[in-house]
Amino acid sequence: MNILVCIKQVPDVSAPISIRNGQLSMDTDRMVLNAYDASGVEEALVLTEAHGGQVDVVLVGPEKAKETIRKALAMGAEAGFHIQAENLDDFDSNSYATILAAFIKTKSYDAVFTGKQSQDTDSGLAGGMIAHKAGLPYAANAVGITSDGNGLMVKRQGDTGQEMLSLSFPCLVTCSNDMNNPRIPSLKGIMSSKKKNVDTISLGDLALDAAALKGKTMVTGYANVPARAPGKKFEADPAELASQLVNLLQNEAKVI
Amino acid sequence: MILVYLSTSNGKIKKSSLEVLSHARSLASKAGIPLAAAVVDPDPARYSDDIASYGPAEIFTIADPIFASHLNQPLTQALSQILSTAKPSVFACASTEATKDVLGALASSLGAAALPDVSSFELISGGVSATRPVMAAKILAQAEAKADLVLVSVRSGSYDATTAPSTPRITTVEYQPGDIRILLKEILSSAGSQVDLNEAQVVVAAGRGIKDDEGKKLIDELASVTGAAIGASRAVVETGMFPATAQIGQTGKVVSPTLYFAIGISGAIQHVAGMLNSKVIVAINKDADAPIFQYATYGLVGDLYKILPPLIAELKTVYGR
Ligand SMILES: Cc1cc2nc3c(=O)[nH]c(=O)nc-3n(C[C@H](O)[C@H](O)[C@H](O)COP(=O)(O)OP(=O)(O)OC[C@H]3O[C@@H](n4cnc5c(N)ncnc54)[C@H](O)[C@@H]3O)c2cc1C
Ligand SMILES: Nc1ncnc2c1ncn2[C@@H]1O[C@H](COP(=O)(O)O)[C@@H](O)[C@H]1O
């Protein structure tokens with residue numbers, strides 16, 4: 001079973017962030033592997049460990065994003081594909097999906113995994129878009145994946161419960177981070193990742209033109225989330241805290 | 001035309017869909033364009049009276065037994081058929097796990113632009129402008145889409161559902177099943193709370209501070225006395241004490257109740273992303289420096305196992321239960 005995982009490099013959203021001259025400005029320029037994609041890599045590794053085959057990863061991004069490919073290789077992925085694109089400001093999920101689908105069509109993986117969403121934009125579009133463009137059936141928001149060797153059984157988190165879906169190869173699955181806890185690369189994994197192959201691919205190699213990939217959506221500005229009115233904090237004995245709260249909910253907030 | 005897809009559950013239109021329909025009605029009337037609704041269900045006719053109270057000029061329906069449960073391929077097929085018939089310039093829906101499942105494929109197959117999970121949207125010349133929480137909801141992005149068709153999904157609680165009765169024309173579209181290469185084997189419904197999280201006025205959310213059955217019982221009691229839906233943090237879902245459907249946050253659900261209780265929750269940004277728009281936030285945490293207190297309207301510092309029993313008792317008197 002050969003699995004391709006689409007991985008994205010995203011800014012570390014837990015770092016302090018501010019808006020400067022209309023642009024986002026982070027205290028650190030630390031970039032990380034999208035957490036949902038890390039869960040995709042982990043699940044793909046678990047599946048190939050059980051059924052044989054290999055996990056490859058593909059990333060669309062600038063030169064700096066190569067470190068994120070190395071991270072996935074250190075986790076245990078076999079080969080990396082780096083589709084180079086520098087000015088990403090004009091790109092949206094549809095642009096990335098177009099590129100990734102074009103790449104996937106040149107290969108013959110049994111399954112393609114993506115994250116269910118990017119941690120920075122929370123778009124959650126690219127998976128379904130890639131599936132459509134590459135002509136693959138798909139399941140989204142997977143919290144569990146098993147295989148019988150001919151296809152995948154996916155447990156998807158739906159609105160009111162978990163939906164068990166069966167897909168035959170080839171197919172695509174978008175992964176939730178609730179599926180697993182991605183392994184931390186071992187020292188050995190990190191050392192061997194340096195020797196693994198990363199193919200560099202240009203948009204031209206895929207017969208794509210950057211200008212034609214411009215997104216249909218664009219961000220025109222950023223704003224801070226309006227601050228909440230300052231709250232009140234109480235420390236007292238439990239019974240006192242309880243009656244104080246009930247009094248405030250009734251008479252100040254008037255919500256009960 | 002603005003076309004609003006209405007999600008159904010348990011024989012009712014979801015409240016979050018009616019919120020979107022209400023907002024779309026005001027946008028349509030301002031722009032002087034028609035408002036239409038769409039229902040895809042085994043028996044869509046049963047909703048017509050309800051939908052008519054919200055003012056669309058036309059209702060597009062697809063009826064087929066396959067829509068008794070969610071499956072992405074048939075829903076995408078049905079919605080593209082309705083969109084090809086209705087030819088709206090804007091398609092709007094509530095953001096649910098079902099619509100998240102199909103939005104990307106739908107946009108790609110129709111060549112449409114998509115603005116997912118917005119907290120507000122307006123019509124602009126040639127498209128739609130929307131506000132989207134990004135960076136784990138720490139920042140609001142203003143986004144624009146200009147295309148012949150723009151798809152928008154809206155976070156629940158972003159607008160009020162308000163009625164304005166009409167007598168809509170009903171257009172039935174014949175469902176043409178495509179080549180289905182995905183099979184729904186089983187639905188494992190979670191025996192979670194009785195109240196739907198997305199629609200709840202009160203949410204009681206449990207975190208890792210809930211350690212055992214005794215703690216879970218306190219959460220159940222607090223929810224039952226306040227008529228709340230039960231939510232949970234990722235950390236406590238991982239323990240298996242609460243179902244994954246209860247998870248609130250970046251990976252989980254986004255809720256915006258009038259009253260939110262965060263019980264034994266530290267307040268990680270990924271959790272806060274799902275509850276920041278609650279009107280009143282009550283936090284109970286034994287760590288006075290827990291980040292959740294930065295968001296709490298009322299913060300109680302102390303042991304939840306000691307605070308909840310007297311609180312539940314007092315609330316029982318208030319609610320007369
Ligand atoms: C990409 C990504 C997505 C994520 N999505 C989500 C999501 O959707 N939802 C989500 O919740 N998390 C999500 N997380 C995880 C998140 O970062 C936190 O790990 C999680 O929210 C922590 O849950 P918690 O507050 O219950 O646990 P903890 O952080 O362990 O906090 C437990 C709290 O309980 C308090 N406590 C303990 N005992 C008591 C007591 N007896 N009385 C009172 N207080 C007590 C402690 O002081 C502590 O503050 C995500 C993370 C990532 C990376
Ligand atoms: N630049 C990229 N390179 C590789 N994969 C990507 C890229 N952008 C998006 N993806 C994949 O698509 C998923 C969803 O992306 P999004 O639509 O941005 O939320 C991500 O979790 C990735 O798996």
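Residue numbering restarts at 1 for every chain, and letters A, B, ... go by the order of the sequence lines. Owing to the predicted nature of the structure, the values given are computational and were not obtained by experimental measurement.
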Between [options], which has the largest tally of heavy atom pairs under 4.5 Å with chain B?
options	answer
A:Ala126, A:Pro137, A:Ala140	A:Pro137
A:Asn94, A:Leu249, A:Asp92	A:Leu249
A:Val10, A:Asn224, A:Ile17	A:Ile17
A:Leu24, A:Val143, A:Ile19	A:Leu24
A:Ala97, A:Ser243, A:Ser168	A:Ser243
A:Ser166, A:Ser93, A:Gly231, A:Pro238	A:Ser166

Heavy-atom check, side chain of [X] versus side chain of [Y], under 4.5 Å:
X	Y	answer
B:Lys306	A:Leu241	no
A:Lys232	B:Thr297	no
B:Val202	A:Ile256	no
A:Gln250	B:Val318	yes
B:Met135	A:Met26	yes
A:Met164	B:Leu184	no
A:Leu165	B:Lys185	no
A:Asn181	B:Glu238	yes

Interchain contact, B:Leu259 with chain A, by part (heavy-atom threshold 4.5 Å): side chain
Under 4.5 Å from a heavy atom of chain A, the part of B:Lys253 involved: side chain
Are there over 12 heavy-atom neighbours, none belonging to [X], within less than 6.0 Å of that residue's [atom1]?
X	atom1	value
A:Asp29	CG	no
B:Asp148	CG	no
A:Asn251	CG	yes

Heavy atoms only, distances under 4.5 angstrom: which of [options] has the most pairs with chain A? Name it, please.
options	answer
B:Thr317, B:Asp179, B:Ile281, B:Leu315	B:Ile281
B:Thr258, B:Thr96, B:Asn198	B:Thr96
B:Val134, B:Ile187, B:Asp303, B:Ile182	B:Ile182

Quick check on [X] against chain B: is it the side chain, the backbone, both or neither that has a heavy atom closer than 4.5 Å?
X	answer
A:Asn141	side chain
A:Gln117	side chain
A:Leu245	side chain
A:Ala229	neither
A:Ala131	neither
A:Glu240	neither
A:Ala15	backbone
A:Leu136	backbone
A:Ser176	side chain

Work out which heavy atom in [X] is nearest to a heavy atom in [Y]; give both atom names and the distance.
X	Y	result
A:Glu235	B:Ala288	OE1-CB, 4.4 Å
B:Thr245	A:Gly161	CG2-N, 3.6 Å
B:Ala244	A:Gln157	CB-OE1, 3.2 Å

Taking the side chain from [X] and the backbone from [Y], do they hold a donor-acceptor pair closer than 3.5 Å?
X	Y	value
A:Asp159	B:Ala98	yes
A:Thr220	B:Gln142	yes
B:Lys138	A:Val225	no
B:Gln250	A:Gln119	yes
A:Arg228	B:Leu276	yes
B:Asn72	A:Tyr138	yes

Pair A:Asn177-B:Thr251, side-chain donor/acceptor within less than 3.5 Å: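 Note: A:Asn177 and B:Thr251 side chains meet the donor-acceptor criterion.
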Exercise: do A:Glu252 and B:Tyr298 side chains pair donor with acceptor under 3.5 Å: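 Indeed, the side chains of A:Glu252 and B:Tyr298 share at least one donor-acceptor pair under 3.5 Å.
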Full working for side-chain contact (heavy atoms from CB on, under 4.5 Å) between B:Glu144 and A:Lys216: CA-CA 8 Å; B:Glu144 264 181 32; A:Lys216 295 176 204 290; over 6 Å; no
B:Lys146/A:Met218 under side-chain contact (heavy atoms from CB on, under 4.5 Å): CA gap, chis, key distance, verdict: CA-CA 9 Å; B:Lys146 291 193 174 170; A:Met218 61 177 214; over 6 Å; no
Please list, one pair per line, the donor and acceptor atoms closer than 3.5 Å that link side chains of residues 103-117 of chain B to other protein atoms, with sequence neighbours excluded.
unit_1	atom_1	unit_2	atom_2	d
B:Ser108	OG	A:His132	ND1	2.7
B:Ser108	OG	A:Lys133	NZ	3.1
B:Ser109	OG	B:Ala105	O	3.2
B:Ser109	OG	B:Leu106	O	3.2
B:Asp117	OD1	B:Ser95	OG	2.6

CA sep, side-chain torsions, deciding dist, call: A:Asp122, B:Arg132, salt bridge (Lys or Arg N to Asp or Glu O under 4.0 Å): CA-CA 9 Å; A:Asp122 282 344; B:Arg132 303 190 61 245; over 6 Å; no
